[in-house]
Structure formats: structure tokens, C-alpha cells
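What follows is one structure encoded as C-alpha cells, with my remarks underneath.
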Amino acid sequence: MSLLPKKPADKKPAQAPAWHPDFRNRERLPDTKTVRTAFFINVGAVTLTLMLLLLVVSREYTMRNYVGEAARLQADIDRDEPKSKTQVELYKKYQEEEKKLFELRDFTGTKFVLSDFLLRLGDTLPPKFAITLVDYHAANGITPGNIALRGIVRAALNDAAGYLDAYISQLRADPDFGPLFESVDSPTSPSRDPNGWVTFDLSLKLKGGGAPKPAKEAEGAK
């Protein structure tokens, strides 16, 4: 324990009061900065205003374009509507006719294409034969389709009948014509025309068709 007396701590000298009071209102004092704060505020406000203005103008321009495009599209629709209605009506008629053809095809059970028949007929025609007439009567739901052929045989009249019988047998046994036709016959015998040619006639009856049976007959058949 120290017996020496303690030195009293140094006391700060008392501040002397200001010689006059501070009456300044710092909020009302002018801004003495190099770039004033109001400048940044004004620039920001102007920038924001311009951005909003550009946004409004852009939306208005886009809306005008949409309105104009809608008007053009509506004009195109109004212009093409009569043609469209006509096409729709024609398509409906086509569907009705197509349905009839499909029903007829299913009813007759025959899928006959005349162009394919003519090409096949030319490929299978014997050397002594020539076709001068092809008359095709399509099936009508009551009678099946029928094809009448007329042609000439380059042979003597006595030999023409034998050649014609061989040709008929060939048509009946043909892999394409056999399943297609119900019968292949010659309604008349070969004859000589005024020009001296030996002519013949053939009748080819397509399979299927025939008049539908009445309801009573159909029940009796069961």
C-alpha cells in the first residue's frame, strides 16, 4: 500500500461560451456543392417521365397496329366468305356423291377401273385379234356393270369361231379378268362385214350387283 499522496487528476478547462449565439437555419441555406442535389433529382424525374412517355407511345403504336391488322384480316374474311361458302357447299355435294359411290361399290362388290382394264386388255389380246369398240355400262345399283367389246379377227370365217372360243377361254382363265367378271360370252357368231373383215362381239359382265331382294323374299331365304 502506497503511502505517497496521490496527485490530483488534471481537470479540463471549462469551455468558454460562444461570444454570440448561432442563429443559422441550415435547411434554408443555399447549396454550395459543385453539383447540386436538385440537379440529380431533376434529371431522374425527367428520365422517368421520358421512359413512361415512350412506354405509352410504344403501347399506343402497337395497339394501332393490332387494330389495323384486325381490320385487314376482317376485310379478307368478308371478301373470301362467299367463295368459302361455295367451296363448302361443293365439298358437301362431293361427300354425298362419294358416299353414293362407296355404297354402290360395297353393294356390287366390284372395284373396276376402266383405264386399268383397257391396259390389261391390250396386253392379253391375241395376235390375230384387234378391238375396234369398247362400250362400258357402269353398275347402277340394279344391274351390274357390263362391257361390250367389238373387234375383228384376221382369219377365215370358218376358223374365226375357233379363235374366238380360245380367246373367251383365255379371258375366263386370266388371273386379273377371271375374278373380276361373272361371265364372258359371245352373243353372236363371227360374221363378215361389208368391208370383208371378220367381226365378233363379246359381252363381259362384272361380278356383283343385281336388284336387292324384297324384305319378304329375304326373310324366306333365311
Side-chain angles (χ1 to χ4, degrees), residues 83-222:
K83 296 180 180 179
S84 177
K85 289 182 178 179
T86 302
Q87 295 296 328
V88 170
E89 293 176 357
L90 291 176
Y91 180 67
K92 289 182 178 179
K93 292 181 180 179
Y94 169 78
Q95 285 183 319
E96 293 176 357
E97 295 299 326
E98 184 183 37
K99 183 179 180 181
K100 294 178 182 178
L101 290 176
F102 285 156
E103 291 177 352
L104 179 59
R105 184 195 66 185
D106 296 337
F107 175 74
T108 59
T110 304
K111 297 180 181 179
F112 178 74
V113 181
L114 183 60
S115 59
D116 295 341
F117 167 76
L118 294 176
L119 292 174
R120 180 61 180 166
L121 183 65
D123 293 338
T124 60
L125 196 66
K128 295 182 178 294
F129 284 72
I131 301 297
T132 59
L133 175 66
V134 177
D135 188 10
Y136 170 54
H137 296 277
N140 56 15
I142 299 177
T143 58
N146 183 72
I147 300 175
L149 299 179
R150 178 169 296 175
I152 57 176
V153 185
R154 292 187 291 272
L157 183 59
N158 296 332
D159 299 331
Y163 289 128
L164 183 59
D165 290 339
Y167 183 39
I168 291 174
S169 298
Q170 175 188 333
L171 291 176
R172 291 173 179 172
D174 188 87
D176 292 329
F177 292 157
L180 187 63
F181 295 105
E182 180 179 334
S183 62
V184 180
D185 299 302
S186 178
T188 60
S189 300
S191 60
R192 194 176 296 276
D193 65 2
N195 297 323
W197 295 101
V198 178
T199 63
F200 67 91
D201 292 299
L202 286 179
S203 176
L204 292 77
K205 184 179 179 181
L206 290 167
K207 288 185 177 180
K213 295 181 179 181
K216 293 184 179 179
E217 294 184 7
E219 292 176 0
K222 293 181 182 179

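Quick note: residue numbers are just sequence positions, from 1. Note: hydrogens, waters and symmetry copies are ignored here, and every other heavy atom, side chains too, is used.
Panel note: side chain Asp193, backbone Asn195; a donor-acceptor pair is recorded below 3.5 Å. A distance-only check finds no donor-acceptor pair linking the side chain of Arg120 to the backbone of Phe177 [under 3.5 Å]. Between the Ser203 side chain and the Asp185 main chain, no donor and acceptor come within less than 3.5 Å of each other.
Proximity of Thr132 to Trp197: side-chain heavy atoms (C-beta onward) are nowhere separated by under 4.5 Å. Put simply, the side chain of Val134 reaches to within 4.5 Å of the side chain of Leu149, judged on heavy atoms. Using a 4.5 Å heavy-atom threshold, the side chains of Leu171 and Phe181 count as separate.
In this structure, Asp174 CG and Ser169 OG are separated by 12.5 Å, a value rounded to the nearest 0.5 Å. Remark: Leu180 CG to Ile147 CD1 distance equals 7.0 Å, nearest 0.5 Å. Note that CG of Leu119 is 11.5 Å distant from CG of Asp176, once rounded to the nearest 0.5 Å. In this structure, OG1 in Thr188 is found 9.0 Å from CG in Leu202, a value given to the nearest 0.5 Å.
Heavy-atom minimum distance, Tyr167 versus Thr124: CE1-O, 4.1 Å. Across all non-hydrogen atoms, the minimal contact from Leu157 to Pro190 is CD1-O, 3.6 Å. Scanning all heavy atoms of the two residues, the minimum distance from Phe200 to Ile152 falls at CE2-N, 3.4 Å. Annotation for Val198 and Ala155: closest pair CG2-O, 3.4 Å, computed over non-hydrogen atoms.
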Given Val153 and Leu164, is the side chain to side chain contact (heavy atoms under 4.5 Å, CB included) satisfied, shown in steps? CA-CA 8 Å; Val153 185; Leu164 183 59; 5.6 Å; no

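Annotation: Arg172, atom CZ; neighbour count of heavy atoms from other residues, nucleotides and ligands within 6.0 Å is above 12.
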